[in-house]
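Worksheet: the structure to be examined is printed underneath.
Since the structure is predicted, the reported quantities are computational estimates derived from the model, not experimental observations. By convention in this document, chain letters (A, B, ...) are assigned in the order of the sequence lines, proteins followed by strands, and residues within each chain are numbered from 1.
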Amino acid sequence: MHFNHLRLGSSLSSKSLHVFKLSRAIGCSRRFLPLSTAAATLKTDPHQPEKRPCLIDFEPLFHSCTQASHVKCLHAILVVSGRFTSNFASTRLLNLYAHHGDACSSLSVFDQIKAKDSYTWNSMVSAYVRNGYLNEATKIFRQFVLTSGLRPDVYTFPPVIKSCKDVNSGKKLHCCVYKMGFQPDVFVGASLVHMYARFGFLDIARKMFDEMPRRDLGSWNAMISGYCQNGDNDAAMSMLDSMRLEGMKMDSVTVCSLLPICAQTNDLTSGLLIHLYVVKHGLEFDVYVNNALLNMYAKFGLLGIAQQIFDEMRERDLVSWNSMVAAYEQNDDPSTALQFFMKMQENKIKSDILTLVSLAPIVGGMGDISNGKSLHSFIVRRDWMILNVALGNAVMDMYAKLGFMDYADRVFEQLPVRDVISWNTLISGYAQNGLANEAIVTYEKMKKHEEEVIPNHGTWVSALSAYSNVGSVKQGMKVHAAVIKNSLFSDVYVGTCLVDMYGKCGRIEDAMKMFYHIPRDTSVPWNAVISCHGMHGHGKEALTLFENMQVEGVRPDHITFVALLSACSHSGMVDEGWRWFRSMQEDFSMKPSLKHFGCMVDLLGRAGHLEKAYGLIMSMPFPPDSSIWGALLGACKIHGNVEMGAIASKQLFNVDSENAGYYVLLSNIYANVGRWEGVKVIRSLARDRGLKKIPGWSSIEVDGKVDVFYMGNRSHPRFDQIHNELRELTAKIKSIGYVPNHKDVLQDVEDDEKDDILATHSERLAIAFGSSMLQMIPRALLMHDQAF
DNA sequence: TTAGGGTTAG
């Protein structure tokens with residue numbers, strides 16, 4: 001019966017008005033006035049004025065509470081009608097609050113119940129567990145056992161077992177259940193089985209499961225989900241087979257446990273079969289099932305299907321919304337992800353920690369620090385930083401993406417708990433922002449905390465990329481040793497980083513040795529090895545490797561072609577470059593991206609075919625970005641083509657007026673041909689727009705420590721020593737015939753000043769430092785100048 | 001009328 005059937009009149013009596021006021025006072029909306037009117041009418045039946053409504057009269061009202069505000073309203077009615085004092089009614093109210101996520105109100109009701117029975121105690125424990133207040137649940141359970149004088153029953157244990165945080169407290173409860181003489185029946189038994197499985201004690205769980213006197217679907221699910229959560233997918237599947245042999249059919253819980261492992265094992269077929277089962281058995285209206293399906297399709301990159309499931313869901317919860325935001329974020333569509341987040345706000349869906357975990361990388365990618373700061377303060381205001389390491393890590397990563405490593409570091413310092421990902425995020429953040437030295441220092445610091453945090457794949461990958469950026473092969477080799485010690489050398493990603501490190505440091509032979517040690521059935525290591533050959537001008541070797549890759553049946557991807565085209569570009573192999581640029585489209589059906597066009601513009605430009613490069617840009621199927629025009633502008637500098645340089649820079653400033661580097665490049669083109677007026681115009685333009693070029697830097701490794709130098713930098717503690725060494729070296733090389741090339745100084749200054757500028761170039765500072773530390777021979781400086 | 005087993009993350 002619906003509460004509307006109880007409505008007997010439409011005008012409000014004084015008592016019903018009282019109910020209304022009371023219901024407003026405790027926060028329920030006017031829309032639910034009929035509920036209070038109905039109850040008030042119950043009280044004021046003119047024919048039986050003394051008769052208060054019986055508990056049975058409230059039954060339909062209990063069932064009508066589909067929203068939190070309904071519960072508040074019913075609460076008011078119970079108070080007014082004098083039925084709140086009934087233990088039964090108030091405990092049901094307690095449960096209703098808990099079901100609607102309001103454990104605080106549950107507690108307030110609980111406190112008002114004077115003669116609590118075990119139903120009341122059990123309900124309060126489960127109210128806390130249901131809403132995630134595990135510590136409070138344990139406290140209430142203790143009070144129940146120690147102070148109430150009542151005996152826990154079979155209803156008590158399942159929620160308490162569920163709230164265990166570690167296996168030891170679980171074991172204690174297991175003993176307690178055993179001592180009190182409870183049979184491990186289906187509920188308590190399944191709880192214990194799942195508790196052991198959850199903490200990874202699958203053998204104990206399995207033994208208990210096998211010895212259970214009775215097993216229902218829930219018991220099977222406890223065991224299957226235990227295997228799934230521990231990544232033992234084969235055991236989960238064989239358990240499923242046994243379950244079916246015993247005539248049990250999968251329900252929504254079984255389905256929800258299995259769907260995530262379909263995505264993990266890349267088994268789309270099983271996922272589709274389960275989806276079919278869901279539809280056939282009418283499980284498609286379960287929110288959990290829909291969320292699990294949605295997530296599985298998103299993990300396979302099938303966003304269209306995920307979106308369709310979301311659109312067709314009758315009921316959506318926070319997990320559904322979070323999953324959609326994460327789905328688009330993880331599939332490189334941050335703008336749609338952001339739209340979903342906005343829609344959440346429009347629909348008044350409150351974000352939780354996981355919403356923010358997905359939102360942080362989106363904000364990081366938007367490039368606006370003020371948004372980043374508001375997101376951070378939103379989290380801090382709610383104290384979520386303390387609750388969840390993953391969120392802290394996500395915020396660090398966001399600041400790293402925005403280029404604010406000082407903020408990322410501050411967040412790191414303030415984290416109450418740091419796990420391996422916190423360290424990895426900081427290290428890779430520094431490395432990605434060009435602060436290789438800081439990355440290395442952090443990695444060294446991490447090693448000192450080895451007892452608390454064990455490095456993983458991500459650590460080696462970040463550390464290696466930092467060492468390869470500063471060209472520190474000795475330190476890189478130490479990481480290599482650590483990788484071998486941890487038996488990770490056969491991991492494709494770690495191995496590829498080693499290839500990359502040796503390659504970037506110029507140790508091509510070592511890179512090749514490493515390459516032949518790692519599995520090469522995917523494009524990942526091939527891309528690295530092709531790229532490092534290309535980088536050092538070994539275009540032919542890069543091409544040979546590319547051919548070998550095809551012989552071994554490994555399909556090249558977009559990145560392979562970027563590596564290959566850039567190898568052609570660095571070796572001046574124009575014809576080969578064209579050939580593969582066409583081949584990728586014709587033979588491999590790949591559409592060239594901006595990066596491929598960028599390589600081609602670079603290839604043609606470097607070779608002096610500026611008109612052809614311009615023609616290629618004009619034929620592109622999408623608008624060229626700053627990297628394309630930047631490549632053309634760079635080529636104009638090499639070939640001193642002022643006219644084309646002006647065209648390229650005009651386009652460049654249209655698409656990216658913020659990058660100071662391009663202004664410098666154009667002014668250098670003018671400077672090269674001595675057009676100092678042009679230089680002045682461009683420089684003042686850059687100054688007016690408040691742009692400052694990020695200075696170039698050079699690094700050198702001495703005794704395992706890496707030092708970084710910037711042009712004209714005087715802040716080094718050994719500055720005087722370096723300066724003296726530099727003077728001596730310059731004098732020496734001048735005495736053996738070195739003539740400074742003033743053309744390389746792109747400023748309109750006197751020749752002696754040009755000497756000074758050349759002499760304090762960051763690479764020279766680094767070499768002078770190295771020389772002063774190691775008594776390096778001046779030959780290094782000579783060699784360096786040739787490459788200048 | 002209280003209970004077990006389920007979906008999202010850095």
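What separates CG of A:L259 from C1' of B:dT8 is a distance of 13 Å, to the nearest Å. Between A:F187 atom CZ and B:dA3 atom P there is a gap of 9 Å when expressed in whole angstrom units. Counting to the nearest Å, the P atom of B:dT1 and the CG atom of A:D153 are 17 Å from each other. Atoms OH (A:Y227) and P (B:dG6) sit 15 Å apart, rounded to a whole Å. Look at NZ on A:K249: it is 23 Å from P on B:dG6, rounded to the nearest Å. Distance A:M296 CE to B:dT8 P: 12 Å, rounded to the nearest Å. When the P atom of B:dG5 is taken as reference, atom CE of A:M248 falls 17 Å away, rounded to whole Å. Atom pair A:D352:CG and B:dA9:P shows a separation of 12 Å (rounding to whole Å applied).
The stretch residues 353-363 of chain A touches DNA chain B through A:L354, A:V357, each having a heavy atom within less than 4.0 Å of the strand. Of the residues in residues 396-426 of chain A, those placing a heavy atom less than 4.0 Å from an atom of DNA chain B are A:D419, A:I421, in numerical order.
With hydrogens and angles ignored, a donor-acceptor pair closer than 3.5 Å exists between the side chain of A:Y155 and the base of B:dT2. Counting atom types as modelled, A:D251 pairs no side-chain N or O with a base atom of B:dG6 as donor and acceptor under 3.5 Å. Interface remark: the A:D286 side chain does form a donor-acceptor pair with the B:dG6 base, using a distance-only criterion of under 3.5 Å. Contact of A:S252 with B:dG6 (side chain to base): a donor-acceptor pair of N or O atoms is detected under 3.5 Å. No hydrogens or angles were tested; on distance alone, nothing pairs the side chain of A:S191 with the base of B:dG5 as donor and acceptor under 3.5 Å.
Phosphate contact (OP1/OP2 of B:dG5, side-chain N/O of A:R215, threshold under 4.0 Å): absent. Using a 4.0 Å cut-off, some side-chain N or O of A:H194 falls inside it from OP1 or OP2 of B:dG6. A sub-4.0 Å separation between OP1 or OP2 of B:dG6 and a side-chain N or O of A:S225 is present. Regarding contacts with the backbone of B:dA9, a side-chain N or O of A:K299 is found under 4.0 angstrom from either OP1 or OP2. The phosphate of B:dG6 has OP1 or OP2 within less than 4.0 Å of a side-chain N or O from A:Q229.
Using a 4.0 Å heavy-atom cutoff across all strands shown, A:V289 reaches at least one base atom of the nucleic acid. At the heavy-atom level, A:N295 lies under 4.0 Å from the strands shown only through sugar-phosphate atoms. A:V255 comes within 4.0 angstrom of no nucleic acid atom, judged by non-hydrogen atoms across all strands. Here A:N388 lies in heavy-atom contact (under 4.0 Å) with a base. Base contact: A:S219 has a heavy atom under 4.0 Å from a base atom. Nucleic acid contact class of A:V389 (heavy atoms, under 4.0 Å, all strands): base. Counting any heavy atom pair closer than 4.0 Å across all strands shown, A:E329 reaches no nucleic acid atom. Within the 4.0 angstrom heavy-atom criterion, no nucleotide atom of any strand lies near A:L293. Within 4.0 Å (heavy atoms only), A:R198 reaches no atom of the nucleic acid at all.
Side-chain contact between A:T336 and A:M324 is absent, with no heavy-atom pair separated by less than 4.5 Å. Contact annotation: the side chain of A:K401 approaches that of A:P361 to within less than 4.5 Å [non-hydrogen atoms, C-beta and beyond]. Considering only heavy atoms from C-beta on, A:V154 stays 4.5 Å or farther from A:F187 through its side chain.
Residue A:N433 comes nearest to A:A400 through the heavy atom pair ND2-O, 3.0 Å, listed as atom of the first residue, atom of the second, then distance.
Note: A:F84 and A:H75 have parallel aromatic rings, judged against thresholds of 30 and 60 degrees for the angle between ring planes. Taking the six-membered ring where the residue is Trp, A:F340 and A:Y328 present parallel rings, their angle staying beneath 30° rather than reaching 60°. By the 30° and 60° cut-offs, the orientation of the rings of A:F201 relative to A:Y196 is perpendicular.
Taking every side-chain heavy atom of A:N122 into account, B:dT2 is the closest of B:dT7, B:dA9, B:dT2. Listed nucleotides B:dT8, B:dT1, B:dA3 differ in distance to A:S323; the shortest reach to its side chain belongs to B:dT8. Comparing atom distances between the A:S123 side chain and each of B:dT8, B:dT2, B:dG6 picks out B:dT2 as nearest. For A:N291, the side-chain atoms get nearest to B:dT7 when compared with the rest of B:dT1, B:dT7, B:dA3. Nearest to the side chain of A:C256, among B:dG5, B:dT7, B:dT2, sits B:dT7. Listed candidates were B:dT1, B:dG4, B:dT7. Nearest to the side chain of A:H63 is B:dT1. In this structure, the nucleotide among B:dT7, B:dT2, B:dG5 sitting nearest to the side chain of A:N95 is B:dT2.
Here A:Y288 packs flat against the base of B:dG6; its ring centre is closer than 5.5 angstrom to the base's six-membered ring, tilted by less than 30 degrees.
Within a 6.0 Å sphere centred on OH of A:Y493, other residues, nucleotides and ligands contribute 12 heavy atoms or fewer. Heavy atoms of other residues, nucleotides or ligands lying less than 6.0 angstrom from CZ of A:F300 number more than 12. Residue A:R142 places its CZ atom among 12 or fewer non-hydrogen atoms of other residues, nucleotides or ligands, all under 6.0 Å distant.
Under 3.5 Å, the side chains of A:D111 and A:S108 contain no donor-acceptor pair of N or O atoms.
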Quick one: do A:D203 and A:K207 satisfy salt bridge (charged side-chain N to carboxylate O under 4.0 Å, His left out)? Show the steps, please. CA-CA 6 Å; A:D203 295 344; A:K207 193 164 177 283; over 6 Å; no
